[in-house]
Amino acid sequence: MAEPVLRLVGIHKSYAIGTPAETEVLHGIDLELQRGDFVALMGPSGSGKSTLLNIIGLLDRPTSGKLYVQGRDTSAMDDAEITRLRGHSIGFVFQHHHLITAFTALENVMMPMLLDRGRANAAMRAKALDLLTKVGLERWADNKADRLSGGQQQRVAVARALAQEPPMILADEPTGNLDTKSADGVFQLMRDVCHESGSAFLLVTHSLELASRCDRIVELVDGSLVSQGD
Ligand SMILES: Nc1ncnc2c1ncn2[C@@H]1O[C@H](COP(=O)(O)OP(=O)(O)OP(=O)(O)O)[C@@H](O)[C@H]1O
Ligand SMILES: [Mg+2]
């Protein structure tokens with residue numbers, strides 16, 4: 001089998017280490033994501049889903065355990081290396097879109113490319129417009145983000161997550177703030193993009209209906225994975 005995009009081995013995470021409030025919230029997580037995987041992460045509130053997603057997204061470090069991104073062990077990397085790896089390997093879609101509302105849709109999609117390469121150029125614009133076309137928003141490219149509907153904003157956020165062609169996209173309740181119809185549209189879009197681009201998607205959802213349309217469901221209960229069913 002090909003090198004997994006992501007491999008977690010025995011990931012533990014504690015908060016407030018060394019204080020009386022110290023608590024372990026992840027108790028030894030093993031997980032693999034392959035290219036093109038479209039996986040739902042479910043579990044009750046407080047079970048550790050966001051904590052796990054932050055660790056996988058290299059926004060936070062595990063207390064112990066190994067995390068490999070495309071075969072590369074991240075535990076020995078310094079912060080600069082981690083930041084670079086995050087920029088190239090991971091796209092994020094959050095519950096709230098986190099767009100820069102004073103910028104246009106196009107400018108928002110260009111952001112990850114700008115952060116990486118410093119200066120805007122015609123190729124970046126063309127690429128951002130391509131991505132907006134893919135999410136069905138080419139006509140809205142020059143609209144300020146705060147002039148878009150919630151569903152449109154979330155589609156811009158998906159386009160932005162794709163800008164660096166990351167092998168992995170993490171989404172924490174990406175449709176949680178949307179009405180059913182927009183949620184369905186954004187979900188379908190992510191699934192199509194996943195199967196087209198070959199990026200692996202891991203998305204937190206509380207919706208059993210959406211989860212059942214994923215390739216696989218992994219379930220966290222009290223900081224442990226209890227099932228990795230199809
Ligand atoms: N920065 C922090 N410091 C201390 N404890 C934290 C911190 N972040 C999260 N926790 C605790 O870790 C546990 C898991 O939280 P987490 O946010 O990962 O849950 P979740 O599964 O994402 O929940 P939800 O479905 O409500 O978003 C909770 O008990 C929470 O109180
Ligand atoms: Mg959460």
Side-chain angles (χ1 to χ4, degrees), residues 5-33 37-69 74-75 79 82-83 86 89-99 150-151 153-154 157-158 160-161 166 168-180 182-184 186-187 190-191 194 199-229:
V5 172
L6 173 80
R7 190 153 73 91
L8 302 183
V9 185
I11 294 288
H12 292 256
K13 177 68 182 179
S14 297
Y15 286 116
I17 293 173
T19 76
E22 178 169 337
T23 23
E24 187 175 271
V25 290
L26 296 176
H27 315 296
I29 305 291
D30 300 321
L31 180 68
E32 276 189 14
L33 290 181
D37 261 352
F38 193 68
V39 178
L41 175 59
M42 300 195 82
S45 182
S47 58
K49 302 181 298 296
S50 295
T51 301
L52 182 60
L53 223 62
N54 286 341
I55 288 172
I56 293 174
L58 306 175
L59 296 166
D60 198 2
R61 300 239 191 191
T63 310
S64 65
K66 295 269 193 190
L67 189 157
Y68 301 87
V69 176
T74 59
S75 50
D79 288 349
I82 290 278
T83 301
R86 188 195 309 124
S89 307
I90 302 165
F92 294 95
V93 183
F94 298 98
Q95 180 167 29
H96 178 73
H97 56 72
H98 290 291
L99 299 177
Q153 288 172 336
Q154 207 54 320
V158 172
R160 181 185 54 184
M168 175 164 59
I169 294 180
L170 305 176
D172 201 347
E173 297 188 58
T175 62
N177 277 330
L178 302 178
D179 62 86
T180 315
S182 310
D184 198 70
V186 169
F187 179 84
M190 290 194 294
R191 200 174 53 169
C194 174
S199 295
F201 273 66
L202 181 63
L203 67 126
V204 173
T205 179
H206 286 287
S207 161
L208 200 53
E209 196 271 318
L210 292 184
S212 68
R213 289 153 64 193
C214 293
D215 302 332
R216 196 151 58 94
I217 300 175
V218 297
E219 194 184 359
L220 253 186
V221 174
D222 287 339
S224 299
L225 282 186
V226 295
S227 69
Q228 298 204 26

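When a ligand or atom number is given, it counts from 1 through the structure's own listing order.
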- Message: With nothing but distance in play, are any N or O atoms of Gly48 less than 3.5 Å from an N or O of ligand 1?
- Response: yes
- Give yes or no for whether the N/O distance cutoff of 3.5 Å, strictly under, is met between Gly46 and ligand 1. yes
So [Y] and [X], do their side chains get closer than 4.5 Å, heavy atoms only?
X: Glu24; Y: Lys13; answer: no
X: Arg7; Y: Lys66; answer: no
X: Leu170; Y: Phe201; answer: no
X: Ile56; Y: Met168; answer: yes

- Query: Would the number of heavy atoms belonging to other residues, nucleotides or ligands and lying under 6.0 Å from CG of Asp60 be above 12?
  - Reply: yes
- Under 2.8 Å from the Mg ion (ligand 2), the protein N, O or S atoms, given as residue and atom: Ser50 OG
Any idea which atoms of ligand 1 are less than 4.0 Å away from a heavy-atom of [X]?
X: Pro44; answer: 21 (O)
X: Thr51; answer: 14 (C), 15 (O), 16 (P), 18 (O)
X: His206; answer: 25 (O)

Return a table of donor-acceptor pairs under 3.5 angstrom between the side chains of residues 39-48 and protein atoms on other chains or two or more places apart.
unit_1	atom_1	unit_2	atom_2	d
Ser47	OG	Pro44	O	2.6

So which heavy atom in the protein is nearest [atom], and how far is it from that ligand atom?
atom: atom 17 (O) of ligand 1; value: Ser50 CB, 3.7 Å
atom: atom 26 (O) of ligand 1; value: Ser45 OG, 2.6 Å
atom: atom 1 (N) of ligand 1; value: Tyr15 CE2, 3.6 Å
atom: atom 25 (O) of ligand 1; value: Lys49 NZ, 2.7 Å
atom: atom 12 (O) of ligand 1; value: Val25 CG1, 3.1 Å

- Query: Applying a strict 4.0 Å limit to heavy atoms, is Ser47 in contact with ligand 1?
  - Reply: yes
- Message: Can a side-chain donor-acceptor contact be found between Thr63 and Tyr15 if the only test is distance below 3.5 angstrom?
- Response: no
- Please check if a non-hydrogen protein atom sits closer than 4.0 Å to atom 3 (N) of ligand 1. yes
- Query: Given the protein's heavy atoms, is any one of them under 4.0 Å from atom 30 (C) of ligand 1?
  - Reply: no
- Message: Strictly below 4.0 Å, N to O, side chains only: are Asp172 and Lys49 in salt-bridge contact?
- Response: no
- In plain terms, say whether Asp79 and Arg61 are close enough for a salt bridge, that is, a side-chain N and a carboxylate O under 4.0 Å apart. yes
- Query: Which of these, Pro174, Ser207, Cys214, sits in a side chain to side chain contact (heavy atoms under 4.5 Å, CB included) with Phe187?
  - Reply: Cys214
- Query: Sequence neighbours excluded, which residues qualify as salt bridge (charged side-chain N to carboxylate O under 4.0 Å, His left out) partners of Arg213?
  - Reply: Asp184, Glu209
- By ring pair (Phe, Tyr, Trp, His ring centres under 6.0 Å) - contacts of Phe92 (at least two apart): Phe94
